[in-house]
Amino acid sequence: TGWPAAQRQLLAGTPLAAQVEAQRRLLADEFARVAPTAAPRVPFDVDGAALFPSFLWARGVHMSRCFPRALVDAAALPLPHEVLASSTVD
């Protein structure tokens, strides 16, 4: 979702394009909620507003390092591959 507009345009007409734009709208709403609190801790543009691309980058970094609870719990099991093969989701 942090792709430049020109790259997102390559998805035009595909189901993925609609999903990406819907996710960007959700992230823009989230950004609007957290920016006032986070603003002192994130980069600023010349107008003093928190940068949405920086927010997208930080959110992407965080999400790419999150693991589903089942994987975390499986690490303590004698047979963690059974959890990995399961289709159960919490």
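Along the sequence shown, residues are numbered consecutively beginning with 1. Please read all numbers here as calculations on a predicted model, not as lab measurements.
Looking at residues two or more places apart in sequence or on another chain, you find a side chain to side chain contact (heavy atoms under 4.5 Å, CB included) between Q9 and A12. Legend: residues meeting side chain to side chain contact (heavy atoms under 4.5 Å, CB included) with T14, ordered by chain and number and at least two apart, are L11, L16, A17. Taking R59 as the reference, E30 meet the salt bridge (charged side-chain N to carboxylate O under 4.0 Å, His left out) condition, with sequence neighbours excluded.
Contact of the V20 side chain with the W3 side chain is registered, since non-hydrogen atoms from C-beta on lie closer than 4.5 Å.
The aromatic rings of F31 and F52 stand perpendicular to each other, their planes meeting at an angle above 60°, with 30° marking the opposite boundary.
Other cluster members for V61: W57, joined by side-chain heavy-atom distances under 4.5 Å among Ile, Leu, Val, Met, Phe, Trp and Tyr.
Summarising the geometry of F55 relative to L27, their closest heavy-atom pair is CE2-O, 3.5 Å, with the distance given to 0.1 Å.
Annotation: the span from Q23 atom CD to E21 atom CD amounts to 10.5 Å, rounded to 0.5 Å.
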